[in-house]
Every structure is written in structure tokens, then in C-alpha cells.
Amino acid sequence: MFDISGIIRNISIVALPFLLAITFHEASHGYVAWLLGDPTAKNSGRLTLNPLKHLDPVGTIALIVTQMIGWAKPVPINPSYFKNPIKGMMLVSIAGPAANFALAVVFTLAYRYLHSLNITQVSEMEMHILKPLALIINAGIMINLALCFFNLIPIPPLDGSKIVAGLLPREMAFKYLSFERYGFIVIILLAFLGLLGKIIYPAVNFSLNLLL
């Protein structure tokens, strides 16, 4: 049988870090695109830190099912506004994972501060607050690192593919990005075979060793 109370408890722990992760990820894409001259995200109301503007129903369901991985609605970007569309998309794509890594660092600082407290002098009521807070902070580190490195996988349409495309000659970049129609199938296949975690979590664990 499903442990409903356990699922609710786990969702309550990952909900805030997840909302922060996807919001900063997508808003960062839109903000960099805006700096490069593309007003599309701003005009569509996506240049915001309001998580409701970024939530994707299927991605939210995925979070509830996996209690770790989910996704947001992609921010609309129009590369035709960029002086160099390929290079512009490269910079826009870097922004999302970079925002997640920065959030992981912020959560790590909170983790270190929490562990620097003298727990022996904390009251029982304060412990009831600190324990869930510690779990939320830990989830914040893991979710942001997982989202960062998941998006850096160089499979179109993930951010990593556009970063790689920015390093390729123009014709080769367009051919490479044309595989986007198959990318989602490849990602699902990797997840089904259990290979997605083997790709992401070594990088996550390496980063944890650096940060903690």
C-alpha cells in the first residue's frame, strides 16, 4: 500500500526547493534573452519570480510521483532578436543551469549555518522547526544540482545541446539541433533504462563533495 502520509511529508519538503529551482531557472533564461535584445519572455509575462507563471502541470505531476524530479514550462525565446542566434542561445541556455548551481550554493551556505548552531542549547519547540528546515535545505541542494546537471546533458532540446551548438560551426550546429524531435524519446529511454541517474548523479555527488 502507498504511504500517503509519507508521500505528503516528502512533497512538503521538496515543494519549496522545487518551486525556487524551476522559477529561477526559467526566469534566468528569460532575463538573459532580454539583455540580448529579445523581449518575448517579458512580453509573455515570464520575466518574473512568480512560480505560478512557470509551473507545468505534467512537470508538477512528475515531481509528485518521483518526489525529486520535475520541470517547468519553457520560457519562450525568439533567437531572431539576437545578433548571433546560435551564440545568443548558448548564453541563454547557460543561464538556467547556472542559476540552479547558484541556488545550490545558497542552500549549502544555509546548511553550513544550520550545522554551526549549538543544537544542545536548542529547545524542543525549536528542534521541531529546525529538523524540517534541515530537510528542506538538503532537498534544495539536491534538486538544484540535479536540475542543473540534467539540463546540461547535450541532448536536444536540453540546455546542454544549445551550449554545445554554440561551440560548433554554424551548419553543424543546425544539423545537431535538428535532432530535437527525437530528443525527448532518447531522454525517456535513458530514464527507463536507469541510465539517466548514472549520468546525472556522479556530477551531483562530485559537486556535493566540493560544496559540503
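FYI, side chains are in, hydrogens and waters are out, and symmetry mates aren't considered; it's all heavy atoms of this structure. Just so it is clear, the structure is predicted and the values come from calculations on it, not from any experiment.
Going from atom OH of Y201 over to atom CG of L196 covers 8.5 Å, rounded to the nearest 0.5 Å. Note that CD1 of I155 is 6.0 Å distant from CD1 of I199, once rounded to the nearest 0.5 Å. In this structure, CG on L210 lies 11.0 Å from CG on N205, to the nearest 0.5 angstrom. The CG atom of L177 sits 8.5 Å away from atom CE of M89, with the distance rounded to the nearest 0.5 Å. With rounding to the nearest 0.5 Å, the separation of CG in L189 from OH in Y182 is 15.0 Å. Distance check, rounded to the nearest 0.5 Å: NE2 of H54 to OG1 of T48 gives 5.5 Å.
Within the 4.5 Å cutoff, the side chain of L55 has heavy atoms near those of the I22 side chain. Within the 4.5 Å cutoff, no side-chain heavy atoms of K73 are placed close to those of E26. Side-chain contact between L211 and V105: present, with at least one pair of heavy atoms (C-beta onward) separated by less than 4.5 Å. Side-chain contact between L36 and K83: absent, with no pair of heavy atoms (C-beta onward) separated by less than 4.5 Å. D38 has its side chain out of reach of P79: every pair of non-hydrogen atoms, C-beta onward, lies at least 4.5 Å apart.
In terms of modelled atom types and a separation under 3.5 Å, the side chain of K87 and the main chain of G166 share a donor-acceptor contact.
Grouping the Ile, Leu, Val, Met, Phe, Trp and Tyr side chains by contacts below 4.5 angstrom, directly or via other members, places V186 with L193. One hydrophobic cluster, built from ILVMFWY side chains closer than 4.5 Å, holds both L20 and L49. F179 and I187 fall into different hydrophobic clusters, where Ile, Leu, Val, Met, Phe, Trp and Tyr side chains are chained together by heavy-atom contacts under 4.5 Å. Hydrophobic clustering of Ile, Leu, Val, Met, Phe, Trp and Tyr side chains at less than 4.5 Å, counting indirect connections, keeps I137 apart from V106. No path of Ile, Leu, Val, Met, Phe, Trp and Tyr side chains, each step under 4.5 Å between heavy atoms, connects I153 with F206, placing them in separate hydrophobic clusters.
What you find for Y176 and P156 is that their closest heavy atoms are O-CG, 3.7 Å. For the pair F107 and I141, the tightest heavy-atom approach, listed with the atom from each and the gap, is CB-CG1, 3.6 Å. Closest approach of A72 and D56 over heavy atoms only: C-CB, 3.7 Å. The minimum heavy-atom distance linking V32 with A95 is given by the pair CG2-CB, 3.4 Å. Minimum interatomic distance between S207 and F101 (heavy atoms only, all atoms of both residues): OG-CE1, 4.0 Å. Between A139 and I13 the shortest heavy-atom distance is CB-CG2, 4.0 Å.
Within a 6.0 Å sphere centred on NZ of K53, other residues, nucleotides and ligands contribute 12 heavy atoms or fewer. Residue Y31 places its OH atom among 12 or fewer non-hydrogen atoms of other residues, nucleotides or ligands, all under 6.0 Å distant.
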What verdict does the side-chain contact (heavy atoms from CB on, under 4.5 Å) test give for R46 and T40, after you've listed the backbone C-alpha separation in whole Å, the side-chain angles of each residue and the deciding distance to 0.1 Å? CA-CA 9 Å; R46 298 293 303 281; T40 309; over 6 Å; no

Output, in order, the C-alpha distance, side-chain angles, deciding distance and verdict of side-chain contact (heavy atoms from CB on, under 4.5 Å) for L145 and N100. CA-CA 7 Å; L145 289 177; N100 288 130; over 6 Å; no

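When each of N151, I94, V92 is checked for a side-chain contact (heavy atoms from CB on, under 4.5 Å) with D159, only N151 meets the rule.
Side-chain N/O atoms of N144 and H25 include no donor and acceptor closer than 3.5 Å.
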